[in-house]
2 protein chains.
Amino acid sequence: MAATNKVRFQAVEPVRAYQRVVEQVEQAMLTGALKPGERLPSERELMAQFGVSRSTVREALRVLESGGLVRSRPGDPHGPLVLPYSPAGLRKSMSRLAQLDQLSLAELLQFRIMLEGPAYLLAARMRTDEQLAEMDAALAAMEQASELAAFSEADLAFHDTIARASGNMLIVVCSQVVHGVVLDMIAGKLAQSPQPESVMAETLDHHRQALAAVRAGDGALAARLAREKLYEYYADHLSADEQTALKWLVSEA
Amino acid sequence: MAATNKVRFQAVEPVRAYQRVVEQVEQAMLTGALKPGERLPSERELMAQFGVSRSTVREALRVLESGGLVRSRPGDPHGPLVLPYSPAGLRKSMSRLAQLDQLSLAELLQFRIMLEGPAYLLAARMRTDEQLAEMDAALAAMEQASELAAFSEADLAFHDTIARASGNMLIVVCSQVVHGVVLDMIAGKLAQSPQPESVMAETLDHHRQALAAVRAGDGALAARLAREKLYEYYADHLSADEQTALKWLVSEA
DNA sequence: AGTAATTTGTACGTATGTATC
DNA sequence: TGATACATACGTACAAATTAC
């Protein structure tokens, strides 16, 4: 018996020409041979260098473009531009996950609590003075907002600043995505709230307290306030079981 | 003076033909009009329906394909296959950011702690008996593993079961992705560990304690154990500042 | 089993609008 | 302003692969 019983072969799928082009360009960007701000050769030159047709080059460029890695404009003699690395791709994938995987509001809120607690915790210790000023500005915008839309926008900016102050990019991206999806899910219900003013005033009060805790450097307090606020704000939209599970995260996390 | 001083115009960038095709297909998948396992029309039919050339259709298909949404094979008369959601895209974009130093190991570990704490917390209360049996099986596999690779694989299965027991799909997917990326980042360093046996034994012991807490329904204890374990396991790879920040999350979260 | 039909993968040519020099 | 090089989009053609009869 040949000594091949330990090796495991994997199913091999055909590698298309455009994929090899994409891989080479991606590799060049990963190794630093191609840096943001630099240019790729023109399509005609690429098709000469890779030895493929124009269609193949274009398919590869479209894939790179949709991934947020390059941007090509018609008529640009310098060739496609290599873009700086941004979490746009991460955000798109997260968005798809949140929207496509039929997530429940309860799951999204659980996740928001998991994100916001640590976000406040870290922000209370890591925040710069500029970020503190941004939070003040967002709070002021919320106070001055007369319409729900403007209020909601300022609220989003406030949370975004908190997330950025945590110094963790994953928290920033996930918070943006999850917050956005949650707003989409309850958009209808929130608009027909009986007393939008009282809700806004209450939210404002919670934010003031949390911001004060952040300013004082009391991360644990800020985190607890944030979790409780989130629960109170959204609990009405959940079933009794879901409320219970969410409560666990609020009190014990 | 015309009453146009309140409107804000945004810079408009050209929308390519292939982008509109991609958007329509993505939208159909998001709304559920196109479900996994179903087929897209053939390229020729697509080019008739969208009123664009085949090149454009193909560029759109390549983008969708690279995003893991569809798969097209040569000669398939049924057309491109609509794939079920996979976290591959999420993992790829996260890995890219990590490789490009836009995402530090410290951030990833922070995030893992944020995920695993609540995962254990929820799992301790929500787990079914079958999931508990799965955890036992994974633990047994870890005990029997002689090589690091098998041990690591069983460890991954253990954490995955915990995540699934939490009942939150976002936790499941994010845990898988982040865990995988962390393993990629420290793959080299871990292999040359001086005493892999002692590390494995220690990890095993931690897992036993955490599993016991889950079995007993003590979510708070399980979560604390998980956070501490994670810190002890990876702290060596972090700078002093990063260790301090991580410690905050371990103790106060 | 084998053949025919259809589809994808790739290549090449062309017209048009655009950005840069 | 004009000239040049570029990207966009369309159309055609042929080889390779797959399915169905």
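Since we're looking at a predicted model, the values are computed, not measured. Letters A, B, ... mirror the listed sequences (proteins, then strands); counts begin at 1.
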Partner residues of D241(B) under the salt bridge (Lys or Arg N to Asp or Glu O under 4.0 Å) criterion, sequence neighbours left out: none
Closest approach of A123(A) to I162(A) (non-hydrogen atoms, all atoms of both residues): CB-O, 3.7 Å
R20(A): partners by side chain to side chain donor-acceptor pair (under 3.5 Å), with sequence neighbours left out: none
Set of residues satisfying side chain to side chain contact (heavy atoms under 4.5 Å, CB included) with respect to T161(A), sequence neighbours excluded: Q131(A), E134(A), M135(A), R164(A)
Pair E59(B)-T56(B), side-chain donor/acceptor within less than 3.5 Å: no
Pair S42(A), E45(A): side-chain N/O donor-acceptor within cut-off below 3.5 Å: no
Criterion side chain to side chain contact (heavy atoms under 4.5 Å, CB included) on D155(A) and H179(A), from CA distance to verdict: CA-CA 10 Å; D155(A) 178 65; H179(A) 198 151; 3.7 Å; yes
Heavy-atom check, side chain of L81(A) versus side chain of V70(A), under 4.5 Å: no
Closest-nucleotide ordering on DNA chain D, the 5'-leading residue of G79(A) and R44(B): G79(A)
Partner residues of A133(A) under the side chain to side chain contact (heavy atoms under 4.5 Å, CB included) criterion, sequence neighbours left out: none
Any residue of residues 67-78 of chain A with a heavy atom less than 4.0 Å from an atom of DNA chain D: S72(A), R73(A), P74(A), G75(A), D76(A), P77(A)
DNA chain C: 5'-proximal contact among G51(A) and P80(B) (nearest heavy atom): P80(B)
Start and end of the DNA chain C segment that chain A contacts, any atom under 4.0 Å from a heavy atom: dG9(C) to dC21(C)
Residues forming a side chain to side chain contact (heavy atoms under 4.5 Å, CB included) with S95(A), sequence neighbours excluded: Q99(A), V177(A)
Along DNA chain D, first and last positions that approach a heavy atom of chain A under 4.0 Å: dC6(D) to dT8(D)
Residues from residues 54-62 of chain B lying under 4.0 Å of DNA chain D - heavy atoms: R54(B), S55(B), T56(B)
Residues forming a salt bridge (Lys or Arg N to Asp or Glu O under 4.0 Å) with R44(B), sequence neighbours excluded: none
Set of ring pair (Phe, Tyr, Trp, His ring centres under 6.0 Å) partners for F158(B), sequence neighbours left out: H207(B)
Partner set under side chain to side chain contact (heavy atoms under 4.5 Å, CB included) for P36(B), not counting sequence neighbours: P84(B)
